[in-house]
Amino acid sequence: MKRIILRLFGLGILCFEATSSIGATMLITKSADLSLYNANLLASITNGPQTTAIWFEWGVDTNYGHFTPATIVQNANTLNISNLVIGLTPYMTYHCQAVASNVFGAVYGGDIAFTTVPKFVEVSSNASWSALVLSGDGHELVITSNGIICVSTNLGLTFMPTTGIGSVFATSSNGLSILSVSGANLYVSTNRGATWTTNTTPATFVQFAASSDARVIAASDGRLGVYVSTNFAQSWNSNVLSDPISGGYYISRSTTYSLACSADGSHIYGAATTSVELNSYGWIFGSTNFGATWNVYDQSGGFVLSVACSSGGTIVFYSQYGYAGGQVSTNSGTSWSGYGVQGQGNIACSADGKVAVLNTVSTGYGIGVSPNMGTTWYAANCPIQQGDVMSSADGNTLVASSYGAIYISKPPPNLPVSFASSFTSSNGVPTFVVAGQPGYSYMVETSSDLINWTTIASLINTNGTVPFTDPAGMNYTQRFYRVVVGP
């Protein structure tokens with residue numbers, strides 16, 4: 001035996017005789033409960049009657065380098081121990097192990113490696129829901145419920161009905177403009193559903209895509225008729241595409257399954273599949289001039305299900321069913337490379353095209369996410385195996401929906417966010433204390449007219465409250481503030 005002096009975190013100095021065990025204590029590090037930015041480190045301990053301190057070591061390798069505060073266990077029983085670590089790097093592999101120490105010595109629970117990936121949590125469900133879209137800023141959801149358009153500004157916790165009807169298919173990036181369709185009528189709201197205008201469409205549309213301001217709309221009749229409007233559906237340009245597969249074969253059906261649109265609406269892409277006798281052939285078509293002319297960009301040997309593109313239209317993904325995987329292009333469809341994950345439904349991507357989310361049938365995925373344009377894929381923590389997927393512009397908020405249930409990778413906090421207090425400092429600078437749930441970031445926005453809002457700060461809430469000052473507020477006679485959940 002030898003005498004060891006150990007300094008624990010905030011517990012002072014303990015002196016004990018080291019032996020081969022620490023009494024009746026047994027310690028096991030468990031797999032972390034993790035999300036994209038946070039990890040709840042877990043362990044179980046069976047403790048004897050002695051007082052024991054338990055903490056976690058964690059880091060990007062087995063040298064760790066980071067430590068959580070210690071938890072003191074004083075009873076002889078089996079306990080589960082947890083410590084929340086926030087602010088982690090997305091899609092990074094970390095290591096952790098639990099450590100327990102008492103007067104008999106120290107034991108280690110064993111190393112656990114984990115990778116930070118999106119964790120989807122169900123926020124709400126309703127059997128009447130039939131369509132869902134996510135705004136580009138990641139703050140709002142718009143849904144169709146029993147034929148009525150409903151808006152949520154808290155990521156699905158509550159939905160408020162509007163006077164709009166139809167099946168919602170797009171919203172602008174800031175959530176102000178909403179587009180829905182019913183039969184040959186297309187409905188447009190530019191004030192978050194307060195009022196609507198109705199425009200008659202030249203065909204019954206079943207597939208849609210829209211620019212970031214929802215002004216440019218691409219639509220398909222489900223076959224090879226593609227229509228483009230650049231003025232909120234007031235007028236349309238129509239095209240009937242030529243099937244590249246025909247080649248003397250009997251064409252039983254050509255179907256457009258998906259459309260995608262760049263932020264300005266100039267680049268439009270479509271995913272189509274043509275049935276030739278007993279075989280199916282997929283292909284990608286597109287336009288780089290608001291639908292004035294069209295090209296075939298790629299052909300595939302199977303069902304092409306979905307297409308997505310970056311805000312600039314240069315990065316394009318498509319998913320296909322039944323073959324080795326989908327394809328990605330980084331040059332507006334000029335050339336393609338496989339990303340090797342087999343799709344089962346739609347694909348979505350962030351504005352820069354780096355983050356892609358896919359409903360996939362590949363083993364171990366369900367919902368797959370790639371942070372690097374399809375080079376590497378991770379199985380997201382999602383309780384569903386199939387459904388529609390959506391991504392915010394920054395790729396931090398991902399949504400999956402299936403059978404009337406909504407799952408979000410960055411769910412809203414359980415505690416409401418608010419300005420807990422506000423005052424003006426001695427030098428006249430407006431100062432606030434923002435209160436909310438720990439582990440979330442919050443964006444402070446300002447406005448002078450309650451219509452146009454500008455983000456002026458991003459705050460990380462580690463312990464429930466976070467202070468904020470606005471030196472620029474001294475320059476205004478009137479300034480409004482609000483706080484929204486950030487990425």
Treating S135 as the side-chain partner and E140 as the backbone partner, does any N or O pair qualify as donor plus acceptor under 3.5 Å? yes
Could you list the donor-acceptor pairs under 3.5 angstrom formed between side-chain atoms of residues 303-312 and any protein atom two or more places apart in sequence or on another chain?
residue: S306; atom: OG; partner: I347; partner atom: N; Å: 3.0
residue: S310; atom: OG; partner: G313; partner atom: N; Å: 3.4
residue: S310; atom: OG; partner: T314; partner atom: N; Å: 3.4
residue: S310; atom: OG; partner: I315; partner atom: N; Å: 3.2
residue: S311; atom: OG; partner: A351; partner atom: O; Å: 3.1

Which atom of L155 lies closest to which atom of V123, heavy atoms considered: O-CG2, 3.6 Å
Please round to the nearest 0.5 Å and tell me the distance separating atom CG of L179 and atom OG of S189. 9.0 Å
Should W377 and T360 count as side-chain neighbours, where that means a heavy-atom distance under 4.5 Å? no
Residues which pass salt bridge (charged side-chain N to carboxylate O under 4.0 Å, His left out) with D470, listed by chain and number, not counting sequence neighbours: R479
If the condition is side-chain contact (heavy atoms from CB on, under 4.5 Å), which residues does L141 pass it with, not counting sequence neighbours? L132, L134, S152, F159, V399, I406, I408
Under a 3.5 Å distance rule, please check whether S370 uses its side chain to pair with a backbone N or O of T376 as donor and acceptor. yes
Quick one: pull up OG1 in T171 and CZ in F169 and give me the separation to the nearest 0.5 Å. 10.5 Å
Walk me through whether V216 and D264 qualify under side chain to side chain contact (heavy atoms under 4.5 Å, CB included). CA-CA 8 Å; V216 179; D264 65 358; over 6 Å; no
Check for a donor-acceptor pair, side chain of R215 on one end and backbone N or O of T230 on the other, with a separation under 3.5 Å. no
Under a 3.5 Å distance rule, please check whether S35 uses its side chain to pair with a backbone N or O of N38 as donor and acceptor. yes
Check whether any side-chain heavy atom of S401 lies under 4.5 Å from a side-chain heavy atom of M390, and answer yes or no. yes
Flag for N199-T201: side-chain donor and acceptor within less than 3.5 Å: no
Examine distances only and state if a side-chain atom of Q207 and a backbone atom of Y257 form a donor-acceptor pair shorter than 3.5 Å. yes
Given the options D221, L224, V206, T256 meets side-chain contact (heavy atoms from CB on, under 4.5 Å) only with L224
Mind running side chain to side chain contact (heavy atoms under 4.5 Å, CB included) on Y94 and V60 for me, showing each step along the way? CA-CA 4 Å; Y94 291 89; V60 296; 3.9 Å; yes
Student check: side-chain heavy atoms of Y91 and V369 closer than 4.5 Å: yes
Taking every heavy atom of S287 against every heavy atom of A292, the minimum-distance pair comes out as OG-N, 3.8 Å
Would you say CZ of F480 has more than 12 non-hydrogen atoms from neighbouring residues, nucleotides or ligands within 6.0 angstrom? yes
Which heavy atom of A170 sits nearest to which heavy atom of V133, and what is that distance? N-CG1, 3.8 Å
What closest approach, in Å, do G166 and S182 show between heavy atoms, and which atom pair accounts for it? CA-CB, 4.0 Å
Would you say the side-chain atoms of T116 pair up with the backbone N or O of M92, donor to acceptor, closer than 3.5 Å? yes
Y187 OH to W196 CH2 distance, which is reported to the nearest 0.5 Å: 10.0 Å
Ignoring hydrogens and angles, tell me if any N or O in the side chain of D33 forms a donor-acceptor pair with the backbone of L42 under 3.5 Å. no
Using side chain to side chain contact (heavy atoms under 4.5 Å, CB included), reason through S319 and Y339 one step at a time and then give a plain yes or no. CA-CA 9 Å; S319 66; Y339 56 72; 3.6 Å; yes
Could you measure the distance from the SG atom of C261 to the OH atom of Y269? Nearest 0.5 Å is fine. 10.0 Å
Show the numbers, then the answer: is there a side chain to side chain contact (heavy atoms under 4.5 Å, CB included) between S167 and S180? CA-CA 5 Å; S167 181; S180 69; 5.8 Å; no
Please check: side-chain N/O of S329 versus main-chain N/O of S335, any donor-acceptor pairing under 3.5 Å? yes
Can you find a heavy atom in the side chain of I456 that is under 4.5 Å from one in the side chain of F468? yes
Are the aromatic ring centres of W283 and Y281 under 6.0 angstrom apart? no
Student check: side-chain heavy atoms of L36 and P118 closer than 4.5 Å: yes
Would the distance check show the side chain of T144 and the main-chain N or O of V168 forming a donor-acceptor pair, the cut-off being under 3.5 Å? yes
Return the set of residues passing salt bridge (charged side-chain N to carboxylate O under 4.0 Å, His left out) with E122 (not counting sequence neighbours), or none when no residue passes. none
Minimal non-hydrogen separation, S254 against T274, with atom names: OG-OG1, 3.2 Å
Do D137 and S173 touch side chain to side chain, with heavy atoms closer than 4.5 Å? no
side-chain contact (heavy atoms from CB on, under 4.5 Å) against S128, all qualifying residues, sequence neighbours excluded: N126, S145, N146
Do T293 and N295 pair up side chain to side chain, a donor and an acceptor below 3.5 Å, judged on atom types alone? no
At their closest point, which heavy atom of T465 faces which heavy atom of A435, and how far apart are they? CG2-CB, 4.2 Å
Side-chain heavy atoms of W236 within contact of L186, under 4.5 Å: yes
Answer whether the closest heavy-atom distance between the side chains of L398 and V389 falls below 4.5 Å. no
Using modelled atom types and a 3.5 Å cut-off, is there a donor and acceptor pairing between side-chain atoms of S391 and backbone atoms of A348? no
CG (N83) and CG (N40) are apart, to the nearest 0.5 Å, by 7.5 Å
If you round to the nearest 0.5 Å, how far is OH of Y318 from OG of S258? 13.0 Å
Does atom CG of N372 have more than 12 heavy-atom neighbours, drawn from other residues, nucleotides or ligands, at distances under 6.0 Å? yes
For D352, all residues meeting salt bridge (charged side-chain N to carboxylate O under 4.0 Å, His left out), sequence neighbours excluded: none
Tested for side-chain contact (heavy atoms from CB on, under 4.5 Å) against Q327, the lone hit among Y297, W336, F317 is W336
Checking side-chain polar atoms at under 3.5 Å, does T454 have a donor or acceptor matched by the opposite partner on T446? no
